[in-house]
Amino acid sequence: EVQLVESGGGLVQAGGSLRLSCVASGISFDDYAIGWFRQAPGKEREAVVCSSFSDDSTYVAQSVEGRFTISSDIAKKTAYLQMNALRPEDTAIYYCAARPGQEALDEDAYDYWGQGTQVTVSK
């Protein structure tokens, strides 16, 4: 059974940093792609950073380019989203998602989702 569990969210001041974790079970990072999505209050869910671990390709949304980075720890079966220079507009619920094969930007392409973790950035 595939399971994704996010953690690491919280309240930070603008300019601060957070590191989100996504612990996966039932999948192999060699065969799956991981996507980080977020949904802000009153907004639709959007792709933030997506990466395929089979072909080592990565997508980064323009709004977070240079600030957010995806990485993984194979031994711990964990994907990370390092978020630096956070802004109030980054406030959202952040989700980890997985799908077999290459990364995709459309949330409908992902088969498995975590429960989400809240990130709040104050001025």
- Can you name the residues that form a side chain to side chain contact (heavy atoms under 4.5 Å, CB included) with Val119, not counting sequence neighbours? Leu18, Leu20, Met83, Tyr94, Val121
- Query: What pairs with Val5 under side chain to side chain contact (heavy atoms under 4.5 Å, CB included), at least two apart in sequence or on another chain?
  - Reply: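 Once residues adjacent in sequence are excluded, the partners of Val5 under the side chain to side chain contact (heavy atoms under 4.5 Å, CB included) criterion are Gln3, Gln115.
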- Query: Does Glu6 reach the main-chain N or O of Gly116 with its side chain, forming a donor-acceptor pair under 3.5 Å?
  - Reply: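 The answer is yes, because a donor-acceptor pair under 3.5 Å joins these two groups.
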Any idea which heavy atoms bring [X] and [Y] closest together, and the distance?
| X | Y | answer |
| --- | --- | --- |
| Ser52 | Ala33 | CA-CB, 4.0 Å |
| Ala47 | Ala61 | O-CB, 3.7 Å |
| Asp73 | Ala75 | OD1-N, 3.1 Å |
| Thr117 | Gly8 | OG1-N, 4.2 Å |

- Item | Test item: Thr69 and Val49 side chains (from C-beta on) under 4.5 Å apart, heavy atoms | no
- Item | Joint cluster assignment, Val23 & Ile93, ILVMFWY side-chain distance < 4.5 Å | no
- Item | Shared hydrophobic cluster, Trp36 / Phe68 (ILVMFWY, side-chain heavy atoms < 4.5 Å) |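 Same cluster.
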- Task: Quick one: pull up CG in Leu11 and CD in Gln118 and give me the separation to the nearest 0.5 Å.
- Result: 9.5 Å
- Message: As an exercise, state the distance from OG of Ser57 to CD of Glu103, rounded to the nearest 0.5 Å.
- Response: 3.0 Å
- Residues which pass ring pair (Phe, Tyr, Trp, His ring centres under 6.0 Å) with Tyr110, listed by chain and number, not counting sequence neighbours: Phe37
- Message: Please give the remaining members of the hydrophobic cluster of Tyr59, linking ILVMFWY side chains under 4.5 Å, ordered by chain and number.
- Response: Leu105
Can you list the residues that meet the side chain to side chain donor-acceptor pair (under 3.5 Å) rule with [X], with sequence neighbours excluded?
| X | result |
| --- | --- |
| Glu89 | none |
| Tyr95 | none |
| Ser72 | none |
| Gln39 | none |

- Message: If you apply the rule side-chain contact (heavy atoms from CB on, under 4.5 Å), what do you find for Ile34 with Leu81, and how did you get there?
- Response: CA-CA 11 Å; Ile34 299 294; Leu81 182 65; over 6 Å; no
- Item | Contacts of Cys50 that satisfy disulfide (SG to SG under 2.5 Å) - sequence neighbours left out | none
- Sequence neighbours left out, what pairs pass salt bridge (charged side-chain N to carboxylate O under 4.0 Å, His left out) with at least one residue falling in residues 32-52? Arg38-Glu46, Arg38-Asp90, Arg45-Glu107
- salt bridge (charged side-chain N to carboxylate O under 4.0 Å, His left out): pairs with one or both residues in residues 74-87, sequence neighbours excluded: none
- Residue pairs involving residues 9-26 (criterion side chain to side chain donor-acceptor pair (under 3.5 Å); sequence neighbours excluded):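 Every side chain to side chain donor-acceptor pair (under 3.5 Å) pair that includes a residue of residues 9-26, provided the two are not neighbours, is Ser17-Asn84.
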